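Shown next, in structure tokens, is the structure this report addresses.
What you see is a predicted model; the values in this text were computed from it and never measured.
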Amino acid sequence: MDLSLKDFLDRKVEEYNRPDFIPNDPISIPHQFTEKQDIEIMGFFASILAWGQRKTIINKCNELIERMDGSPYDFIVNHGDEDLKNMLGFKHRTFNDTDLLYFISFFKYHYTHFTSLEDAFLQVEDMNGFSIEESLNSFKSYFFSLPDFPHRTRKHVSSPLQKSTCKRLNMFLRWMVRKDNMGVDFGIWDQIKPKDLICPCDVHVERVARKFGFIQSDKVNWKTAIELTDHLKELDPADPVKYDFALFGLGVAGEL
């Protein structure tokens, strides 16, 4: 392990992992709420819709909150057919109202059976051998287990089986799972552990990680995310994904 590199990245984690990171990032959306289910629902939407300009992502998520009358969980579990008309016309990039209506259907089904969205990521055969790879694959199967799901909506939920880096879902899991009292990540889930997380691999993170030699492969896929995370585990086995702050921050700031 290069201790000088670890010290440098640890300092960068401290620099970027602080509350003033929140306002200009999609994580600001779930931070509008205090109830666990509201945080989960809007955290999930904010991560799924997180492509394009961050300002636009935040605006579209705020529009979605308004369409849900400011109370996502209450809307999800108590809406009637008439209320769903308020979802019509919603659009962000290729995510449209057909996708939104299915997401709402899934959430209503899930929260009828469970109190937390964490359970949707625990649909695995053996928790003793838990892995995020199995979790994400089983999550997608579970998410699309309702009858008559729109085929077009499948593209909005990635999985390792597709060889995707699953950037958005890994980001969402980081938000829900990491506990460090810095005020950015929520740490409201207990069964999935920070050591199990996989680093979200967006263009900024990938570029900086390559400069540090954390990524050698030419392709960007699920194996790339694993390769990156394995290197980060050498720096901190218990909380490797904290370095997402350092890599992303360095990339956005143009320091590297």
* **S159 backbone acceptor or donor facing Q162 side chain under 3.5 Å** => yes
* Say whether, by atom type as modelled, one donor and one acceptor occur between the side chain of H204 and the main chain of G249 under 3.5 angstrom. => no
* To do: For D81, enumerate each residue passing the salt bridge (Lys or Arg N to Asp or Glu O under 4.0 Å) test, keeping only those at least two apart in sequence or located in another chain.
  => none
* **Under 3.5 Å donor-acceptor, S28 side chain and N24 backbone** => no
* D25 side-chain N/O to I27 backbone N/O, donor-acceptor pair under 3.5 Å -> yes
* **L117 vs K36 side-chain heavy atoms within contact, under 4.5 Å** => no
* Asked: Taking R93 for the side chain and L49 for the main chain, is one N or O donor matched with an acceptor at less than 3.5 Å?
  -> no
* Asked: Could you go step by step and tell me if I132 and I192 meet the side chain to side chain contact (heavy atoms under 4.5 Å, CB included) rule?
  -> CA-CA 9 Å; I132 293 296; I192 301 173; 4.1 Å; yes
* Listed once per pair and sorted, the side-chain hydrogen bond (donor to acceptor under 3.5 Å, both in side chains) pairs that draw on residues 145-154, sequence neighbours left out -> D99-R152, D99-T153
* Set of ring-ring contact (aromatic ring centres under 6.0 Å, His included) partners for W189, sequence neighbours left out -> F121, F172
* To do: Please say whether more than 12 non-hydrogen atoms of neighbouring residues, nucleotides or ligands are located less than 6.0 Å from NZ in K195.
  => no
* Residues two or more places apart in sequence or in another chain: which of them pass side-chain hydrogen bond (donor to acceptor under 3.5 Å, both in side chains) with T98? -> none
* Which residues share a ring-ring contact (aromatic ring centres under 6.0 Å, His included) with Y142, sequence neighbours left out -> F106, H110
* Asked: Going through the checks in order, is the side chain to side chain contact (heavy atoms under 4.5 Å, CB included) test met by V241 and L232?
  -> CA-CA 7 Å; V241 174; L232 299 180; 5.8 Å; no
* To do: Test R210 against E206 for salt bridge (Lys or Arg N to Asp or Glu O under 4.0 Å), laying out the working first.
  => CA-CA 6 Å; R210 287 188 186 281; E206 181 208 345; 2.9 Å; yes
* Nearest heavy-atom neighbours spanning C61 and M42 -> O-CE, 3.9 Å
* To do: Give a yes or no on whether the ring-centroid distance for F214 and Y243 is below 6.0 angstrom.
  => no
* Answer yes or no: is there a side-chain heavy-atom contact under 4.5 Å between I65 and F33? => yes
* Asked: Transitively linked via ILVMFWY side-chain contacts under 4.5 Å: F95 with L101?
  -> yes
* Side-chain donor-acceptor pair under 3.5 Å between Q123 and S141, yes or no? -> no
* Asked: Tell me, do S164 and L136 make a side-chain contact under 4.5 Å, heavy atoms counted?
  -> no
* Asked: Quick one: side-chain hydrogen bond (donor to acceptor under 3.5 Å, both in side chains) pairs with a partner in residues 41-50, sequence neighbours left out?
  -> none
* Decide yes or no on side chain to side chain contact (heavy atoms under 4.5 Å, CB included) for F8 and L250, but give the supporting numbers first. => CA-CA 11 Å; F8 172 73; L250 287 165; 3.9 Å; yes
* Where is the tightest heavy-atom contact between S158 and C166, given as atom of each residue plus distance? -> OG-CA, 3.4 Å
* Would you check if there is a donor-acceptor pair between the side chains of E227 and T224 at a distance under 3.5 Å? => no
* **Donor-acceptor contact present, side-chain H156 to main-chain L100, <3.5 Å** => no
* To do: Applying ring-ring contact (aromatic ring centres under 6.0 Å, His included) between F103 and each of F90, F143, F149, report the one that passes.
  => F143
* Would F107 and Y73 count as a close aromatic pair, with their ring centres under 6.0 Å? -> no
* Less than 4.5 Å apart, any side-chain heavy atom of P240 and any of C199? -> no
* Linking I/L/V/M/F/W/Y whenever their side-chain heavy atoms sit closer than 4.5 Å, directly or via other members, would I104 and I48 fall into one cluster? -> yes
* Asked: If you look at every heavy atom in H31 and G183, which pair is closest and at what distance?
  -> CE1-O, 3.2 Å
* Contact summary for F139 and A120, nearest pair of heavy atoms -> CD1-O, 3.4 Å
* Could you pull out all residues at least two apart from Y111 that satisfy side-chain hydrogen bond (donor to acceptor under 3.5 Å, both in side chains)? => E40
* Asked: Going by atom types alone, do S4 and D7 pair a side-chain donor with an acceptor below 3.5 Å?
  -> no
* Identify the two heavy atoms, one from L88 and one from R67, that lie closest to each other, and give their separation to 0.1 Å. => O-NH1, 3.0 Å
* To do: Give the cluster check for F21 versus V205: same hydrophobic cluster or not, with ILVMFWY residues linked at side-chain heavy-atom distances below 4.5 Å.
  => yes
* Asked: Who passes ring-ring contact (aromatic ring centres under 6.0 Å, His included) against F75, sequence neighbours left out?
  -> H79
* Side-chain contact test, heavy atoms from C-beta onward, threshold under 4.5 Å: evaluate it for L197 versus N170 and give yes or no. => no
* To do: Count the heavy atoms belonging to other residues, nucleotides or ligands that lie under 6.0 Å from CD of E63, then report whether that count exceeds 12.
  => yes
* Hey, mind stepping through S135 and D196 against side chain to side chain contact (heavy atoms under 4.5 Å, CB included) and telling me if it holds? -> CA-CA 10 Å; S135 171; D196 296 321; over 6 Å; no
* To do: Is it possible for you to say whether V124 and L161 belong to one hydrophobic cluster, with membership spreading through side-chain heavy-atom contacts below 4.5 Å?
  => no
* **Sequence-distant partners of N78, side-chain hydrogen bond (donor to acceptor under 3.5 Å, both in side chains), two or more places apart** => D74
* Asked: Are side-chain heavy atoms of K167 and V203 found at a separation under 4.5 Å?
  -> no
* Identify the heavy atoms of N221 and T165 that sit nearest to each other, and give their distance. => O-CG2, 3.3 Å
* Asked: Considering residues, nucleotides and ligands other than D20, do more than 12 of their heavy atoms fall under 6.0 Å from its CG?
  -> yes
* Asked: Taking the side chain from N137 and the backbone from E134, do they hold a donor-acceptor pair closer than 3.5 Å?
  -> no
* Spell out, yes or no, whether L84 and V77 are grouped together once hydrophobic residues are joined by side-chain heavy atoms under 4.5 Å, including indirect joins. => yes
* **Qualifying residues under ring-ring contact (aromatic ring centres under 6.0 Å, His included), relative to Y109, sequence neighbours excluded** => H113
* **Carboxylate-amine/guanidinium contact K242 D180, below 4.0 Å** => no
* Asked: Would you say K223 has more than 12 foreign heavy atoms packed within less than 6.0 Å of its NZ?
  -> no
* Do F245 and R178 come within less than 4.5 Å of each other through their side chains, counting heavy atoms only? -> yes
* **Side-chain donor or acceptor of K60 paired with backbone N/O of K91 under 3.5 Å** => yes
* Are any non-hydrogen side-chain atoms of V177 and K193 less than 4.5 angstrom apart? -> no
* Asked: Who pairs with E118 by side-chain hydrogen bond (donor to acceptor under 3.5 Å, both in side chains), at least two apart in sequence or on another chain?
  -> none
* Qualifying residues under salt bridge (Lys or Arg N to Asp or Glu O under 4.0 Å), relative to E82, sequence neighbours excluded -> K85
